[in-house]
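Each residue takes its place number in the sequence, starting with 1. Quantities reported herein were computed from a predicted structural model and do not represent experimental measurements.
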Amino acid sequence: MPLPPLGDYLETMRAVTPLVHCMTNYVAMNSTANVLLATGASPAMLHAPEEVAEFTAISAGLSINIGTISSHWADAMLTATVTASQHAIPWVLDPVAVGATLYRQTLCAKLLTAQPSVIRGNASEILALNGLTSQGRGVDATAATEQAEEAAIALAQQHGCIVAMTGKTDWVTDGTQHYRISGGHPLMPRVTTLGCGLSALVTAFIATHRETPLAATAAALGCFAIAGERAGNAAQGPGSFQVALLDALYQLTPNDLTTHTQWEAIHGA
């Protein structure tokens, strides 16, 4: 099945300017906020257990990232995800380095009971989250995307959600329909927290397109693929790439997204 014009999703997201509640890691807070602002959403970074339920309830979407997890953050994340489920607020799980420790695996298992709208991770994280053997080291994507496609489909089917697996090429599935998205640039893995920012951007898109989360997720991935390619063409290295990426996201037009996203529907996966 073909994707609808993805530019329509960017146009609507910018018109709505959704408030995205980001419970992300220390390393990613600033860069994630800038990604959202550059693309057209409104970020907020709150993680105190005393206020997360109240704030989640007034947010358009919730982004959960376990990168620098600690016990009080974990408790707050569980509260926020339960609140999101109770108020039918879409939320995204970024299971950073879930295969690294038992603590991360246990936390993610609990978070999954609150039924995320989207799981966004690299191939190693998707394999680990699905309970498969993987040699993932930290946040690096050491498993090829193709190796984890079956795991992504299984996760989507088991949890009734979208799974977005990102890497050299991206794979997005709802368990039945699958799409591959190409683009980006080799400098992207040289800049930390880009995946964290992408998870938050996915949240912004699904928050404004709750009825079509698969296409909305594909639109967010398309934004990064196109902006990453353009930033790479202008950059001299990782430092200038990071700045160029924000500029490219800001300059991206709906027509760019519709016309230049390189996607293909995958059949028989």
Side-chain angles (χ1 to χ4, degrees), residues 10 20 22-45 63-69 92-100 104 118-126 128 136-145 148 164-172 180-205 217-252 256-257 260-262:
L10 177 60
V20 179
C22 301
M23 300 184 70
T24 191
N25 64 75
Y26 288 117
V27 184
M29 286 186 186
N30 181 265
S31 58
T32 294
N34 284 333
V35 162
L36 289 175
L37 287 169
T39 315
S42 179
M45 299 347 198
S63 180
I64 296 290
N65 177 301
I66 68 166
T68 54
I69 198 65
V92 174
L93 173 62
D94 188 337
V96 179
V98 61
R104 290 172 183 270
V118 179
I119 298 168
R120 203 292 312 167
N122 62 41
S124 294
E125 291 160 351
I126 296 303
R137 53 185 182 92
V139 300
D140 293 340
T142 57
T145 301
M165 183 169 57
T166 55
K168 193 171 183 179
T169 60
D170 299 336
W171 169 276
V172 59
R180 184 175 292 123
I181 296 174
S182 304
H185 192 272
L187 278 173
M188 295 183 86
R190 298 290 183 177
V191 179
T192 190
T193 72
L194 290 190
C196 307
L198 177 55
S199 293
L201 188 61
V202 169
T203 308
F205 273 84
T217 301
L221 301 183
C223 285
F224 250 54
I226 296 170
E229 183 174 359
R230 292 178 176 179
N233 291 335
Q236 301 301 308
S240 55
F241 179 87
Q242 189 168 24
V243 174
L245 179 66
L246 292 178
D247 288 345
L249 288 169
Y250 179 77
Q251 294 165 359
L252 191 66
D256 287 336
L257 192 57
H260 298 299
T261 301
Q262 301 174 54

To the closest 0.5 Å, what do you measure between [atom1] ([X]) and [atom2] ([Y])?
X    : Y    : atom1 : atom2 : value
M23  : M29  : CE    : CE    : 9.0 Å
N25  : S31  : CG    : OG    : 8.0 Å
C223 : L10  : SG    : CG    : 5.0 Å
I226 : T261 : CD1   : OG1   : 3.5 Å

Exercise. Please determine which of D170, T166, T217 meets the side-chain hydrogen bond (donor to acceptor under 3.5 Å, both in side chains) test together with R120.
Key: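 Looking at D170, T166, T217, the match for R120 under the side-chain hydrogen bond (donor to acceptor under 3.5 Å, both in side chains) is T166.
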
Locate the shortest heavy-atom distance separating [X] from [Y]; write the atom from each residue and the value.
X    : Y    : answer
M188 : G184 : SD-CA, 3.6 Å
C22  : L36  : SG-CD1, 3.7 Å
A33  : M45  : N-CE, 3.6 Å
L249 : A227 : CD2-CB, 3.6 Å
S63  : V20  : CB-CG1, 4.4 Å
G121 : P95  : CA-CD, 4.5 Å

Report yes if the side chains of [X] and [Y] come closer than 4.5 Å at any heavy-atom pair, otherwise no.
X    : Y    : answer
L198 : L221 : yes
L246 : V35  : yes
F241 : L194 : yes
N65  : S199 : no
Y250 : L37  : no

Any sub-3.5 Å donor-acceptor pair from [X]'s side-chain atoms to [Y]'s backbone N or O?
X    : Y    : result
E125 : N122 : yes
R104 : I66  : yes
T68  : Y26  : yes

Quiz item: Passes side chain to side chain contact (heavy atoms under 4.5 Å, CB included), H185 versus L245? Steps please.
Solution: CA-CA 11 Å; H185 192 272; L245 179 66; over 6 Å; no

Practice problem: Evaluate the criterion side chain to side chain contact (heavy atoms under 4.5 Å, CB included) for residue pair L252 and T39; output intermediate values, then yes/no. | Solution: CA-CA 8 Å; L252 191 66; T39 315; 5.9 Å; no

Quiz item: Without hydrogens or angle criteria, can the side chains of T32 and T24 be said to hold a donor-acceptor pair below 3.5 Å?
Solution: no

